[in-house]
J.: 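Input: one structure, supplied below.
Order of appearance sets the numbers: ligands from 1, and atoms from 1 within every ligand. The figures that follow rest on heavy atoms only: side chains count, while hydrogens, waters and symmetry mates do not. Because the structure is predicted, anything quoted here is derived from the model rather than measured.
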Amino acid sequence: MLFSTRDNSLNISYEEAIIKGISDDNGLFVIKDFPSIDLERSIFSNASYQTVAKAVLSSLLSDWDEQKIAKIVDEAYNDKFDNDQIVPIKTIDNQHFLELYHGPTLAFKDMALSILPHLLKTSVELTKLNKKIVILTATSGDTGKAALEGFGGINGIDIFVFYPMNGVSDIQKKQMITQSESNTHVFGIDGNFDNAQSAVKEIFTNPAFNEILESNEYTFSSANSINIGRLIPQIIYYFYGYFKLVDQEIIQLGETINVSVPTGNFGNILAAKYAKLMGLPINKFICASNKNNVLTDFFNTQEYRIDRDFYQTISPSMDILISSNLERLLFYAAEGDSELVSTLMDDLKHKKAYTLPEPMKKHLEDFYGNYASEEETKQAINKVFTDYGYLIDPHTAVAYHAHNTYQEATKDTNHTLIASTASPYKFPNAVADALTLEKKTDVFKTLRAIAEKTSTTVPPQILDLTSKEIIHDQNIEIAQMEQQILNALNITKKTLK
Ligand SMILES: *Cc1c(COP(=O)(O)O)cnc(C)c1O
């Protein structure tokens with residue numbers, strides 16, 4: 001069962017929460033009691049990704065049929081991934097890059113969005129829902145494509161993606177606007193990710209608009225990490241990474257590790273915290289930000305302030321000031337006091353800031369915040385390649401940098417899992433710049449230059465983009481989002497109440 005962060009008297013099942021995405025009170029669904037995973041179970045020794053996934057999902061979704069979960073896992077994590085291990089690990093000294101980008105769209109969002117459609121389908125079966133589903137997605141670049149790939153072509157579902165028209169990389173944009181299935185709808189909007197996410201949340205919780213949809217036999221759902229169905233699958237890879245370090249005798253079972261996570265909407269790092277609450281021995285959560293370092297300030301000063309400049313950076317998927325999932329950590333730190341969480345969220349909305357009350361601080365002591373400037377991000381890419389012959393993307397570079405800063409400051413010797421969140425080929429201009437390659441006018445020439453310099457190969461999904469037709473060429477204003485949804489669903493004014 002689940003609560004809402006803004007109503008701890010709520011009792012809602014996983015299947016209902018996965019369909020709804022966000023609670024009617026604007027809160028996010030949170031887990032009531034975390035089951036614990038017994039690390040000593042023999043199945044975890046030399047376990048495949050799928051084995052760990054089945055164990056973690058079955059313990060959380062304890063009311064769901066285990067056979068069904070096993071089937072879903074096998075359908076989600078298969079040869080759609082370009083690596084048999086699903087999540088390979090690259091070790092450099094005591095840092096272990098958890099490569100989460102081997103799925104179809106080359107970013108870690110695939111880890112959850114490959115399985116979310118299956119979780120949603122099962123939820124629809126379990127609740128006997130008799131409506132078509134409209135999925136609204138705000139994206140800072142990677143969620144959009146991963147959601148389109150996961151939900152494209154599925155009967156009974158329409159998926160809408162809204163991306164900041166000037167805020168994503170060329171490759172990210174091309175990946176989205178060439179999506180061909182007729183149930184996919186993609187729009188550039190005249191704002192940044194925060195604007196897109198706020199607008200989507202508002203549409204979700206707008207009673208009048210929901211009524212229009214309901215009367216046309218539709219219901220909303222979300223593919224963003226506000227949906228608990230996105231976070232649950234992300235818990236798996238922290239356990240998996242840990243078991244791999246044990247298999248390789250790098251750590252002993254029970255030994256603590258750190259994790260360093262390049263953070264935007266706070267979903268990925270929150271999943272790591274959830275893993276800890278399920279028994280994974282994590283010492284520190286290194287919350288790594290780019291120049292939009294609102295979270296670094298928060299963990300250092302306990303004050304969250306969004307009345308600040310917004311920057312476009314070379315790690316665009318983290319260009320976010322309002323990290324939605326932090327609300328879930330606050331709920332935990334407030335020991336389930338949903339009134340207190342509501343007050344803080346109201347302050348954020350109306351005063352653009354809130355300060356963490358004293359008693360909550362002790363619950364956040366295992367978090368450490370730091371950030372990388374644009375220059376430091378490029379230096380990190382260059383250094384890791386020059387010293388180790390290993391190529392990382394700008395987001396991963398932010399996490400690498402923050403971890404190094406942490407280690408120098410604290411001399412902490414724990415082994416660290418670094419969440420490696422995207423293929424470097426999604427961000428060719430920044431990567432080429434970091435490697436001091438000569439500037440090319442054509443992005444495909446840049447890709448080839450990177451491949452040549454680093455002796456790696458351009459992923460086929462990226463090469464294919466050259467020949468793909470542009471399907472979605474609409475840029476709209478935020479105020480038009482609702483109307484565009486109605487148009488695409490063929491809901492005419494006449495049917496409006
Ligand atoms: C989404 C994304 C992030 C940020 O993850 P959150 O869960 O939003 O904190 C980091 N790196 C990449 C490449 C991403 O796509």
J.: I would like to know whether Tyr425 and Thr456 meet side chain to side chain donor-acceptor pair (under 3.5 Å); could you show each step before the answer?
T.: CA-CA 10 Å; Tyr425 285 102; Thr456 56; 2.6 Å; yes

J.: Does the distance from a Lys or Arg side-chain N to an Asp or Glu carboxylate O, for Lys276 and Asp366, drop under 4.0 Å?
T.: yes

J.: Short N or O contacts of ligand 1 with protein, under 3.5 Å, listed by atom name?
T.:
residue  : atom   : partner : partner atom : Å
ligand 1 : 7 (O)  : Gly267  : N            : 3.2
ligand 1 : 7 (O)  : Asn268  : N            : 2.8
ligand 1 : 8 (O)  : Asn265  : N            : 2.8
ligand 1 : 9 (O)  : Gly264  : N            : 2.8
ligand 1 : 9 (O)  : Asn265  : N            : 3.2
ligand 1 : 9 (O)  : Phe266  : N            : 3.0
ligand 1 : 11 (N) : Thr421  : OG1          : 2.9
ligand 1 : 15 (O) : Lys109  : NZ           : 2.6
ligand 1 : 15 (O) : Asp142  : OD2          : 2.5

J.: Are any non-hydrogen side-chain atoms of Ser222 and Leu136 less than 4.5 angstrom apart?
T.: no

J.: Should the pair Tyr354 and Tyr304 be assigned to parallel (<30°), tilted (30 to 60°) or perpendicular (>60°) ring geometry?
T.: parallel

J.: Between Lys145 and Glu149, is the closest basic N to carboxylate O distance under 4.0 Å?
T.: yes

J.: Measure centre to centre between the rings of Tyr49 and Phe81, then say whether the value is under 6.0 Å.
T.: no

